[in-house]
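A quick write-up on the structure given underneath.
Remember, it's a predicted structure, so these values are computed and weren't measured experimentally. Just so you know, ligand 1 is whichever comes first in the structure, and atom 1 is the first atom listed for that ligand.
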Amino acid sequence: MRGRRKFLINSLLSTGLVLPASVRSMAAGSQPKERHKPLILSTWNHGMPANDKAWEVLDAEGSILDAVEQGVKVTELDLTNLSVGLQGLPDREGITTLDASIMKGDGSCGSVAFVRQVKHPISLARMVMENTPHVMLAGEGARQFAIANGFPMEEEVLSPGAEKGYKDWKKHSEYKPVINIENHDTIGMIGLDAKGNMAGSCTTSGLAFKMHGRVGDSPIIGAGLFVDNEVGAATATGLGESIIRICGSFLIVELMRQGRTPQEACEEAVKRLIAKNKGIEGIQAGFLALNKDGEYGAFAVHPGFNFAMHYRNGRALVDSGSNF
Ligand code: GLY
């Protein structure tokens, strides 16, 4: 990259501003390739404070696994966020249920799905990974596992934002997944430390007003999250059903294994998703990817998906490209 142009981009990045489309493709990792190690990436605006926490953990000699767990815990507690944590929008019965997964670059992984009353499902997912012979616990079993391991059970009271959203939705009770036009939905975080170790986390309250029992992509290893130290990591956001259908995050890591850049792999995954899902005009989904060299990329079906990045000399919100 020419010196002056690189300086301008780095200055913008260090202010934490959203990069305009004119510099977006460079920042998103296409041409010329930009690399950072360590690097923390997260989906959406809410990724900024989550990344800050993850970076703090890395700076204090924490592991990349600790970093991605602690980072998304910030979002799980953010009362203004209605797509992650117990304050999130409920299902159509008025009950908030959570999904989360965590994965290390050596293939260890854990997840929880359709779990109630647990403030930090990401920590429960980590406990499944570290303290059980299983990968995934769901529903009442996951809740009982949380109780047995001393997780406090929260009261099932909707947050003010969720209650308002649910009351408004009940006026029509229309059951159809809608395109995400908010500036957030789920947090997926992927990170690389200075030694080349990778890890990722993904946590959500899922699709608003979903059927009771519905599980999205976020706790499905390979759909919402996949990490392999030998290649890279990917995470997803948006309508979970569309992402599960193509094993989105696994697909991206495998495309990178075959030589695609993270940006090319995300674009190919979006192409596949569009081909395999009917009614694409009503579906938003986006992918974020990072390879083991610290190169990154992102792409979505529709405009509006952005991601947060944090590296040694800066932090930024970057608009992803989109198909339409
Ligand atoms: N991507 C979150 C969900 O569909 O549940």
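Atom numbering of ligand 1 starts at 1 in the shown order; those under 4.0 Å from a heavy atom of G216 are 5 (O). Counting atoms of ligand 1 from 1 in the listed order, those under 4.0 Å from a heavy atom of S218 are 1 (N), 2 (C). Close contacts between ligand 1 and G238 involve ligand atoms 1 (N), 2 (C), 3 (C), 4 (O) [criterion: under 4.0 Å to a heavy atom]. Those atoms of ligand 1 that come under 4.0 Å of a heavy atom in D217, given as number and element, are 1 (N), 2 (C), 3 (C), 4 (O). Within ligand 1, counting atoms from 1 as listed, the ones closer than 4.0 Å to a heavy atom of T186 are 1 (N), 2 (C).
Ion pairing between a basic and an acidic side chain is recognised when a charged N comes within 4.0 Å of a carboxylate O; D66 and R126 show such pairing.
Considering backbone and side-chain N/O of G240, one or more are found under 3.5 Å from N/O of ligand 1. Annotation: G206 places no N or O atom under 3.5 Å from an N or O atom of ligand 1; distance criterion only. The distance criterion of under 3.5 Å between nitrogen or oxygen atoms is not met by T204 with respect to ligand 1.
Side-chain atoms of P121 and E76, non-hydrogen and from C-beta on, do get closer than 4.5 Å to each other.
Ring geometry for F209 versus W169: interplanar angle under 30°, hence parallel rather than tilted (30 to 60°). Using a 30° and 60° split on the angle between ring planes, Y296 and H36 fall in the parallel class, below 30°.
Ranking the protein heavy atoms by distance from atom 5 (O) of ligand 1 puts R214 NH1, 2.7 Å first.
The environment of K292 atom NZ is sparse: at most 12 non-hydrogen atoms of other residues, nucleotides or ligands sit within 6.0 angstrom.
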Given W55 and Y311, is the ring pair (Phe, Tyr, Trp, His ring centres under 6.0 Å) satisfied, shown in steps? CA-CA 8 Å; W55 195 264; Y311 58 100; 7.9 Å; no
What donor-acceptor contacts under 3.5 angstrom involve side-chain atoms of residues 190-197, with partners at least two apart or in another chain?
unit_1, atom_1, unit_2, atom_2, d
D193, OD1, K195, N, 2.9
D193, OD1, G196, N, 2.9
D193, OD1, N197, N, 2.8
D193, OD2, N197, ND2, 3.2

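Residue-level proximity to ligand 1 for L207 is carried by the backbone, the only part with a heavy atom below 4.0 angstrom.
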